[in-house]
Structure formats: C-alpha cells, structure tokens
Number of protein chains: 2
Amino acid sequence: MAITISEQISQGLADRIVSGAIRPGEKLEEQVIANEFDVSRTPVRDALRQLAATGLVEIRPHKGVTVTDIGEDRLHDMFEAMGELEALCAKLSAQRMNAVERKKIELIHRESAEYAEASDEPAYADANERFHDAIYVGAHNASLKSITEGFRRRLAPFRAKIFFQISNRILSSYSEHELILEAILAADRERAYEAMRNHIAASSLNVIDYMMAARTGSDVKEKTDRAAEALTAANN
Amino acid sequence: MAITISEQISQGLADRIVSGAIRPGEKLEEQVIANEFDVSRTPVRDALRQLAATGLVEIRPHKGVTVTDIGEDRLHDMFEAMGELEALCAKLSAQRMNAVERKKIELIHRESAEYAEASDEPAYADANERFHDAIYVGAHNASLKSITEGFRRRLAPFRAKIFFQISNRILSSYSEHELILEAILAADRERAYEAMRNHIAASSLNVIDYMMAARTGSDVKEKTDRAAEALTAANN
DNA sequence: TTTCTTTATTTAGTATACATAATTCTCTAT
DNA sequence: ATAGAGAATTATGTATACTAAATAAAGAAA
C-alpha cells in the first residue's frame, strides 16, 4: 500500500498528540510542522484536514489549527457513547457470530490469560485490541464497525500506554472480558450488552482520571493508582 | 461567519451528490471541478478531503476520488446502525429530558399533525427534522448527538425529498412519532427505544427501495409506491 | 492476430509564489 | 500614562508550476 506523505505527517502528528507531546489548546502552525517534517506546507495542510476529520484538531478559517481541548464532561460523554456502541456490538455478536468467530474470540481470550498472569502489558494490550476487534467483526454490520472503530481511534489519545500499568487493571480487564465472552458464547444478547457496558465504564474511570492528571501535569502514576483503588473498592 | 471557498465547494459538491446529479462510483476529477467553480485545484482538494471525512467520497492515493458506491447490503447496515443510534437517543431522552425539552418536542409533534393532515410535504419534512433533533438534544450527550447527526447527514443522499411523497408515508410516520413521544413523556426507556427502532426500520424499507430504483434508473415513484403498499400490509 | 513491453498522456501529489485576513506593535492624541 | 487608530508583520488561503505515478496507447515480437 503506497503511503502518501500527507498520511505520514497525519500519523506523526496524531502520535505526538496522543503521547501528550502536543497539548490540548496548543496551536499548530503549518510552516513549523512543514519544517520539522522537511516538506512544503501543502501536504501539511492535507494532514491537518485529516486530523480535523477525526476531531483531534479544530480548524477555524484564518485563525489556524488548534489541538482540540476536551473537557472532563465531554470526555464522559465520549466514553458513554463508546460504551453504548461497543455494548451494541457485543449484543449483536452474541446473536450473530458464527462458530468460527466464536472459536476465534475464545482463543484470543485464552491467549490473553497468559499475558495477564505474566503481567506482560504490551502483549495484553495487543490481545485486548484483537478481542474488541473480534466483537466489532462479529456484529456483522460494516457501518457499526466503522463508526465504533472511529470512536476508538478518537479515544486513543486518552487510552495511553500507561493504562494497563495501573495496578490490577489488567486482571480486572481480563475478568470483565471473561464475562463478556461467556455471554457471547451463550448467545445471551442482553448479558453481553450489560457486560460490555460495565467493562467500558470501568475502563473510563481510570482513563478520565489519567487524562485529567496529565492535563494538569500532576503525578499521573499516583492519581491513576488511587483511581484503581477506588474502582476495586466499588467492585467489592 | 466567514465561509471559506473550499467549504462552499464542499457544500456544492455534497448537494450535487445528494441530489443524484453525481452518481455513485463516478470519478471526481480535480481539474474539472476547479474549472466549474472557477477556482484553482487547491481549494478543490481541500473540499474533497472534507467530503471524504463524511464518507461521501473515497480517496485512493494516485487513483483519484470517487463517489462512494454503496450497495444494498451496505445500505441495510447503515440503516440498522442509524436505527440503533436514534433508538439509543430516544432511550436516553426518555430518561433525561427536562420539563422544557419534553414540552418542546410535544409542541413540535402537535405542529406536525397539521402538516400531516394537510399533506404539506415540505413542512412535514422540516418538522420531522426538528422532532429528531429534539431527541438528539434530549439525550444530553454531545458525542452521541454528533455521531448520530453525522450519520443522518450521510444518509441524507438516500433520504431524498421524494420520500414523504410516498403514499401514506407521512401518516404512518406521524403515528410512529406519536408512539415515540408517548414513551418519552412517560419516561419509559425501553418503549422509547423500541418505538424509535421500529420507526427507523419502517423508513428504511422505503428508502432502500427508492435508492435501488434510482440506481437502476427505473421508475422511482412506482417502485416506492409498491414498497409502501408492502409496508402497510406488513403493519396490518 | 494476440500479447507483452515500452512510451506517451493524463492526473494526482508536492513545491513555490502570491494575496488576503488577522494579529501585533507602534505612534499619536487625549 | 493610557487608549485608540493605523501600519507592519505574521500566518492562512489560493494560484501556478513542477514532479511522480498510474493508465492508456502504440509498436514489436511471438
């Protein structure tokens, strides 16, 4: 697949926004970016348009491009919507997955068990992605898959790599997946829906707290750990 | 609000795609469009990027831009997803609308009654938009509102103006709205959800048939009328 | 005649140059 | 000294020119 330069730039900028290297509200000047990537302004403009489409940046005519500043309540909204979309996928998957698809997601889940036990964060994060992907596919609705994936991409900035480093988050994630998988294999639509909704809600607690901590520049690890404790307490 | 040229072009092209002047699969050449709008290729490229973001066109590197060709099964997917999103909005509206919002949607619905009786298609279509908008707002989730509106825009090409000209479609639409409204005012989440899902499903039947007819160039009015009859039969 | 290769043409991708709008800075007047 | 108006600067929007890639066409070989 012949990757165009503007796409590379778009990708590069997205990574830097995701990693927090570029902060919300910050202005992105075309010429500066062009210099850094050693290209002209033209592909940079293309890239910024693409980012604007994903909502990562905002363009105002003659006023330039700024990284979208998403407040806490807006983030709540996003996770609620994300939760509903994923839960819908889970519901449809419970109803529509064929035997092969059911076997596949089961294998992914079993595989992730090893990573969870070994506390292998990168491997678990990868398996996690595949688990959710399998559910998008299993819903057998290309449009739904597309918008849910889009939302996931949009939320990626706030689901940074540190996420699974939070105390116990891997283990609780794994047990939540277990419930989702059981419901899907049992073709229990409503249980799958509820299990997924709960899973995303649990995630969002951590993520929102992490994100707000990063925003204010306070100690991320400390805050997320406290959030994890609160979550564990709430689950008991 | 200072509207930029690329936005005007984007708007103009969108209108033409929506109206069917430009057909699915058709290729959009930058220079041709630039000539028609009497501008250079630069703002045209901007415009095409924006359209690609909404899914109306597809861009493949070095292969140009084509109007997204949506097949019948893909259209089914889209309407199913749309139905779920709108139904979710209705569910949340039943739960979260405040007194003012409930009063407002009730008034919109009462107003639309007049248009339905008078068979005033344009007025009913407008009131219909406002009815659905009220439900998006009432869900109190900006993200959900945003993606649902986006989907509605994306489906606009297939919800052409002829829609409400279909025999009895206005009347059945009105009675479906009645059920949705009742459920919302009664704060009955599940009933609101089901009523909206049914409403969108009913719409989609007509639209999909209309769209496929337009695609093949056969007599649209005839086909949609037959679809309406089938729908009426199914409802009894 | 048909097929493969090479060349030519067309069109998208990128760079540079110019125009216009917005911001900032300075100078003047109160 | 401060506030406002105007000029200068900066950055975005647009146009033109150039490069590279993909497709079409033409010619040569089987």
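Remember, predicted model here, so these are calculated numbers, not experimental data. The basis for the numbers below is simple: all heavy atoms, side chains too, and nothing from hydrogens, waters or symmetry mates. Throughout, a chain's letter reflects where its sequence line sits, starting with A, and its residues are numbered from 1.
Note on the helix from C:dT1-D:dA30 to C:dT30-D:dA1: angle between the axes of the first and last five pairs equals 0°, rounded to 10 degrees.
For A:A99, there are no side chain to side chain contact (heavy atoms under 4.5 Å, CB included) partners at least two apart in sequence or on another chain. Remark: A:Q31 engages A:N35 in a side-chain hydrogen bond (donor to acceptor under 3.5 Å, both in side chains) (not counting sequence neighbours). In terms of the side-chain hydrogen bond (donor to acceptor under 3.5 Å, both in side chains) criterion, B:R102 has no residue partners (sequence neighbours excluded). Under the side chain to side chain contact (heavy atoms under 4.5 Å, CB included) criterion, A:E36 pairs with A:R16, A:V32, sequence neighbours left out. In this structure, the side chain to side chain contact (heavy atoms under 4.5 Å, CB included) partners of A:E111, at least two apart in sequence or on a different chain, are A:Y115, A:R130. Judged as a side chain to side chain contact (heavy atoms under 4.5 Å, CB included), and not counting sequence neighbours, the contacts of A:R60 are A:E58, A:K63, A:T66. Not counting sequence neighbours, the partners of A:H109 by the ring-ring contact (aromatic ring centres under 6.0 Å, His included) test are A:F131, A:Y174.
No contact: A:Q31 has no heavy atom under 4.0 Å from any strand. B:E29 comes within contact range of the sugar-phosphate backbone alone, with a heavy-atom separation under 4.0 Å but no base atom that close. Within the nucleic acid shown, A:V39 comes within 4.0 Å of sugar-phosphate atoms alone, with no base atom in reach, counting heavy atoms only.
In this structure, B:E58 places its CD atom 17 Å from C1' of C:dA12, rounding to the nearest Å. For the pair B:F37 CZ and D:dA15 C1', the computed distance is 17 Å after rounding to whole Å. Look at CD on A:E7: it is 15 Å from P on D:dA21, rounded to the nearest Å. The nearest whole Å value for the distance from the NE2 atom in A:H62 to the C1' atom in D:dT12 is 6 Å. For A:I33 and C:dA15, the CD1 to P distance is 14 Å, given to the nearest whole Å. A straight line from CZ of A:R60 to C1' of C:dT23 spans 14 Å, rounded to a whole angstrom. A straight line from CD1 of A:I59 to P of D:dT12 spans 10 Å, rounded to a whole angstrom. Protein atom CD of A:E30 is 15 Å distant from nucleotide atom P of C:dT16, rounded to whole Å.
Annotation: side-chain hydrogen bond (donor to acceptor under 3.5 Å, both in side chains) contacts involving residues 47-56 of chain A, sequence neighbours excluded, comprise A:R49-B:D46. Every pair passing salt bridge (Lys or Arg N to Asp or Glu O under 4.0 Å) that includes a residue from residues 137-146 of chain B is listed here, sequence neighbours excluded: B:K145-B:E149.
For the residue pair A:Y193/A:E84, the side-chain donor-acceptor check at 3.5 Å is satisfied. A:H140 and B:D77 are not linked by any side-chain donor-acceptor pair at a separation below 3.5 angstrom, with hydrogens and angles left out of the test.
Side-chain proximity of A:I5 to D:dG13, C:dA12, C:dT14: nearest is C:dT14.
DNA chain D lies under 4.0 Å from at least one heavy atom of each of the following residues of residues 40-51 of chain A: A:R41, A:R45, A:R49.
Between A:R169 and A:E176, at least one side-chain N (NZ, or NE/NH1/NH2) sits under 4.0 Å from a carboxylate O, which counts as a salt bridge.
An OP1 or OP2 oxygen of D:dG13 is reached within less than 4.0 angstrom by no side-chain nitrogen or oxygen of A:K63.
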Strictly under 3.5 Å: I want the nitrogen or oxygen pairs between protein and nucleotides 6-9 of chain C, one per line.
none

